[in-house]
**Q** 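Structure provided below as structure tokens; questions to follow.
Since we're looking at a predicted model, the values are computed, not measured. Reckoned from all heavy atoms, side chains included, excluding hydrogens, waters and symmetry mates. Throughout, a chain's letter reflects where its sequence line sits, starting with A, and its residues are numbered from 1.
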Amino acid sequence: MKVKLRVQRFNPERDPRPWWAEYEVEVEETDRVLDALNHVKWYLDGSLTYRRSCAHGVCGSDAMRINGVNRLACKVLVRDVVAEGRGTITIQPLLGLPVIKDLVVDQEPFFRKYRQVLPYLINDEPPPERERLQSPEERARFDDTTKCIMCAACTTACPSFWANGEYIGPAAIVQAHRFIFDSRDRAAAARLKVLNEWFGVWRCRTIFNCTAACPRGIQVTRAIEEVKALIRSGKIK
Amino acid sequence: MVGAGGAGLMGALYAARQVRTAVLSKVHPLRSHTGAAQGGIAAPLGNMEEDRPEWYVYDTIKGGDWLVDQDAAEVLARESVDAIIELEHLGMPFDRTPEGKIAQRRFGGHTRNFGEAPVMRACHVADRTGHMILHTLYQQCIRAEVCFFDEFFVTDLILDGGRVAGVVALEIATGDIHVFHAKAVLFANGGAGRIYKVTSNALSLTGDGMALVWRRGLPLEDMEFFQFHPTGIYKLGILLSEGARGEGAILINDKGERFMERYAPTIKDLASRDVVSRAIYREIREGRGIGGRDYVYLDMRPETINRYRSAPGGRTVTAEYLQSKLPDIIEFARVYLGIDPLKQPVPIQPTAHYAMGGIPTDLDGRVVRDGNNTPVEGFYAAGECACVSVHGANRLGTNSLVDLVVFGRRAGRHMAEYCRGADFPPLPPEPEAYTVELVERVRNGGKERAAPIRAELQETMQTYVSVFREEDGLKTAISKLNELRARYENIGIDDRGLRFNTDLVEALELGSLLDVAEATAYSALYRTESRGAHYREDYPKRDDQNWLRHTLIYRRGREVSFDSKPVVITHWPPKERVY
């Protein structure tokens, strides 16, 4: 089938402002949107620029705005989005991060927030000779948030983040949640302190855009609410 | 460290404890392909049933069809337990047994008591084990304040007077070319699955590390051995973990037969990958593909598993259980095929998955330059780009993850020790000259474009250098590759800018693909026997008399030349390989 790709392009080396490019491509309806982009890059215009790697939704490279919704280009099929725009698929870079070129955004501000929440297991007690024990129930407590691939789809779909780029954002909170609720970790208090700051969890207005945007199906808003509840409970100091 | 997957990050974690360490990667570390590994990482922990290191060593050797260096397999098995425990201590969220220990599952070729029956050895996090290893190691590198250069594409190895002095890299965001002066360099930049058309590998897996080494006159080892994973999604190649068969899924042909019973009577669907992939193609050739076509079914419906009693211990499984153990691959089938694998069988075909060969190293990850294991001073390699050789002629499932943790760690440790006792080697004059010239040539290049050349390369390799090979086909492939290389001389790009020029990166990656494809095809033609993943229809038998040795392939100008390296045999003399 023929589809039209409408892609927002911007090369700050050359362009005074972003502009729209249109490409007609012949695709199978079971092709991924990434396949359509690849077709453009490989056979029509090599200068079209985007990130991609695994092409099946596990590496997190190709989050972008497709028909106004954040998705991974490799995890959405042409047939799933083509009707939304009556044969046209509109593609833009993620909102709220500086554009480096075309669909490539500067991820550094996003990863800076990730680093703020101490995104690593902290437990300085001498480890046992074998594995630390953790019951299946304790393990299940943070299972959902271990699935995060740091694609930034959630954070850049969040109106609170759009309103104030200092907001730490859902992805960083998901990463914090993964450790706060891990029975082996000992640094929940330090993380909650960060998340209780003015740029922390309280900027979340439970809009659920993050949950809708997550390509891994993580209940992001729920994770944020669990963190809020833990702070509110005052149990961890 | 060049490459930020499991091996590079593990190496970095160890090296950074002792010396200043930088990690360069052409993609952000969290995009590395270690993150796509699914089913598990082996270690004879014995958490579910009795297991022993020597059983694991034997399975690895047999899996590799006796081309495995047995001292390396012993290191792998011995250190795997400690490595998995270390990962757990670093934060890896393994699935757990009811007692709270690390949970384990069955995997292809891993057996109890030297081949008696499948054993539960693969430690896992559902079917995203690699994702969790990658994130855990990256997290700890952040904690250790390792210095990262993300999206730096390494274009050259600075090798002067037999000693490595650093690398040259293109900063993708700016187009700047940088020289990194180093006492030691570790290559951990992954595989080259993109030499094939149907592959489980990421688009970024273009064999850059192997190609750079080869261009600099160093050998590549055992390049003829490329693993095809039996269960890739039909046409797309997306991996469906062997963990599915570990949990009881089976392969069926058009007649509804569980055909692996004929090819591997003892462990059936859990035979090693080369055996299963060949069996699938035999079924297809003999007209028993589904509807006579070129695929078979992976059936993981609970009713099928329960009917065949194919789950561990013949126990009964439910849809909920499978959903909790294999959520990602179930979703892949739903998203990409519109099929619910808990209700319908999934069309699969073998998919190019893993290079057993690569940059030859010793047990400490030191790159060696010849069959006598002469090390190249200051140069290390680990992970898929390397060949230690622990996988021999065919890698067992889970062993790539064990390899990168165990040997990434050994290399990082050895490298740090080396650096503490060494001075910086002098840099040769204009170390960046090769890269500058290369980039300028491509930027101002001719009419050829990367995509069509790459597509023809992948088609050629898929047709002539895949599961079944024979002399005429291999010669056809080589002459086609020569033709493509000639066209590559006139490679050009549309994007003439400096900023984030992925058009340029893809053109350079194609150069790597051409090198690796060539090394693979020539090595496959050279080895006139069948062993592990290398099956020659014109030489269908294993020939220990002449070929119980590793292949070393060198490039000398336009020609290639060969040398060999003995296989290290410790306790396990070669014998017939039956599953």
**Q** Under 4.5 Å heavy-atom distance to chain B, tell me which part of I100(A) shows up: side chain, backbone, both or neither.
**A** both
**Q** Does this structure show an ion pair linking D45(A) with K41(A), if we count only N-O contacts that are shorter than 4.0 Å?
**A**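 Not counted as a salt bridge, because no side-chain N and carboxylate O are separated by less than 4.0 Å.
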**Q** If you tally heavy-atom pairs under 4.5 Å against chain A, which of R449(B), R454(B), E86(B) wins?
**A**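 Ranked by contacts with chain A, first place is R454(B).
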**Q** Quick check on the interface: out of K101(A), E138(A), R132(A), who has the most heavy-atom pairs with chain B under 4.5 Å?
**A**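 The answer is R132(A).
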**Q** Considering only heavy atoms, which portion of D31(A) lies under 4.5 Å from any heavy atom of chain B: side chain, backbone, both, or neither?
**A**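 Contact with chain B involves no heavy atom of D31(A) at all.
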**Q** So does R79(A) pair up with E28(A), basic N to acidic O under 4.0 Å?
**A** no
**Q** Among residues 108-124 of chain A, which residues come closer than 4.5 Å to chain B, judged by heavy atom distances?
**A** F111(A), Y114(A), R115(A), P119(A), Y120(A), L121(A), I122(A), D124(A)
**Q** May I ask you to name which of G46(A), S47(A), G57(A) has the most heavy-atom pairs under 4.5 Å with chain B?
**A**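 Looking at each of G46(A), S47(A), G57(A) in turn, G46(A) comes out on top.
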**Q** Going by the rule salt bridge (Lys or Arg N to Asp or Glu O under 4.0 Å), which residues pair with D150(B) if we only count those two or more places apart in sequence or in a different chain?
**A** none
**Q** Kindly assign one of parallel, tilted or perpendicular to the pair F332(B) and Y336(B), based on the angle between their ring planes and the thresholds 30° and 60°.
**A** tilted
**Q** At a 4.5 Å cut-off on heavy atoms, which part of P327(B) comes close to chain A: side chain, backbone, both, or neither?
**A** neither
**Q** Given a strict heavy-atom distance threshold of 4.5 Å, which part of A450(B) is in contact with chain A: side chain, backbone, both, or neither?
**A**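 Interface part for A450(B): neither.
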**Q** Chain A heavy atoms under 4.5 Å from I238(B): which part of the residue, side chain, backbone, both or neither?
**A**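 Looking at I238(B), just its side chain touches chain A.
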**Q** Assess whether a salt bridge exists between R499(B) and E13(A), defined as any Lys/Arg side-chain N lying under 4.0 Å from an Asp/Glu carboxylate O.
**A** no
**Q** From L34(A) CG over to I66(A) CD1, what is the distance, rounded to the nearest 0.5 angstrom?
**A**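 It comes to 9.0 Å.
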**Q** Would you check if the side chain of T351(B) reaches a backbone N or O of S200(B) as a donor-acceptor pair within less than 3.5 Å?
**A**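 Flag set: sc T351(B) to bb S200(B) pair under 3.5 Å.
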**Q** Using non-hydrogen atoms and a limit below 4.5 Å, what part of residues 210-218 of chain A faces chain B?
**A** P215(A), R216(A)
**Q** With only heavy atoms counted, which part of H89(B) is less than 4.5 Å from chain A, the side chain, the backbone, both or neither?
**A**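 Contact with chain A: backbone and side chain both.
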**Q** Among the options N201(B), D328(B), L90(B), pick out the one with the most heavy-atom pairs lying under 4.5 Å from chain A.
**A** D328(B)
**Q** One pair to check against side chain to side chain contact (heavy atoms under 4.5 Å, CB included): V405(B) and E79(B). What are the steps and the verdict?
**A** CA-CA 9 Å; V405(B) 179; E79(B) 297 188 11; over 6 Å; no
**Q** Contact part of R130(A) toward chain B, heavy-atom cut-off under 4.5 Å: side chain, backbone, both or neither?
**A**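 Both parts, backbone and side chain.
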**Q** Given the options Q175(A), E129(A), M150(A), which has more heavy-atom pairs under 4.5 Å with chain B than any of the others?
**A** M150(A)
**Q** Determine, for R186(A) against E125(A), whether the closest basic-nitrogen to carboxylate-oxygen distance falls under 4.0 angstrom.
**A**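 Looking at R186(A) and E125(A), the cut-off is met.
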**Q** Against chain A, label P93(B) side chain, backbone, both or neither, depending on which of its atoms sit under 4.5 Å from a heavy atom there.
**A** both
**Q** Charged N to carboxylate O below 4.0 Å: is that the case for D144(A) and R222(A)?
**A** no
**Q** Heavy-atom pairs under 4.5 Å with chain A - which of D494(B), L498(B), L203(B) has more of them than the others?
**A**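 Heavy-atom pairs under 4.5 Å are most numerous for L203(B).
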**Q** Under the criterion side chain to side chain contact (heavy atoms under 4.5 Å, CB included), I'd like the reasoning laid out for T199(B) against H353(B): C-alpha separation, chi angles, the key distance, then a yes or no.
**A** CA-CA 6 Å; T199(B) 175; H353(B) 188 56; over 6 Å; no
**Q** Sort and list the pairs that fulfil ring-ring contact (aromatic ring centres under 6.0 Å, His included) and have at least one residue in residues 17-38 of chain A, not counting sequence neighbours.
**A** none
**Q** Please determine whether a side-chain nitrogen of the Lys or Arg among K26(B) and D208(B) lies less than 4.0 Å from a carboxylate oxygen of the Asp or Glu.
**A** yes
**Q** What part of F179(A) gets closer than 4.5 Å to chain B, counting heavy atoms only: side chain, backbone, both or neither?
**A** side chain
**Q** Chain B heavy atoms under 4.5 Å from R51(A): which part of the residue, side chain, backbone, both or neither?
**A**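 The side chain, not the backbone.
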**Q** Quick one: do E226(A) and H177(A) satisfy side chain to side chain contact (heavy atoms under 4.5 Å, CB included)? Show the steps, please.
**A** CA-CA 8 Å; E226(A) 287 176 353; H177(A) 179 283; 2.6 Å; yes
**Q** Between E506(B) and R52(A), does at least one N-O distance fall below 4.0 Å, as a salt bridge requires?
**A**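 Looking at E506(B) and R52(A), the cut-off is met.
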**Q** Using a strict threshold of under 4.0 Å (side-chain N to carboxylate O), is an ion pair present between D143(A) and R128(B)?
**A** yes
**Q** I need the H124(B) NE2 to D95(B) CG distance, nearest 0.5 Å.
**A**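 Result: 4.5 Å between the selected atoms.
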**Q** Quick check on the interface: out of I233(B), L134(B), I85(B), who has the most heavy-atom pairs with chain A under 4.5 Å?
**A**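 Max contact count across the listed options: I85(B).
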**Q** Is R141(A) positioned over the aromatic face of F181(A), cation under 6.0 angstrom from the ring centre and no more than 45 degrees off axis?
**A**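 Checked: cation-pi criterion met.
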**Q** Looking only at heavy atoms and a cut-off of under 4.5 Å, which of N38(A), L77(A), D102(A) has the most pairs with chain B?
**A** L77(A)
**Q** Go through R496(B), E99(B), H131(B) and name the one with the most non-hydrogen pairs under 4.5 angstrom from chain A.
**A** H131(B)
**Q** Got a donor-acceptor contact below 3.5 angstrom from the S324(B) side chain to the Y321(B) backbone?
**A**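 Yes, the answer is positive, given that a donor and an acceptor are paired below the 3.5 Å cut-off.
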**Q** Could you state the interatomic distance from CG (L401(B)) to CD (Q38(B)), rounded to the nearest 0.5 Å?
**A**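 Reported value, rounded in 0.5 Å steps: 10.5 Å.
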**Q** Select one option (side chain, backbone, both, neither) describing which atoms of A455(B) are under 4.5 Å from chain A's heavy atoms.
**A** side chain
**Q** Which atoms of S135(A) are under 4.5 Å from chain B, going by heavy atoms: the side chain, the backbone, both sets, or neither?
**A** backbone
**Q** For the candidates C148(A), A140(A), A55(A), which exhibits the highest count of non-hydrogen atom pairs separated by less than 4.5 Å from chain B?
**A** C148(A)
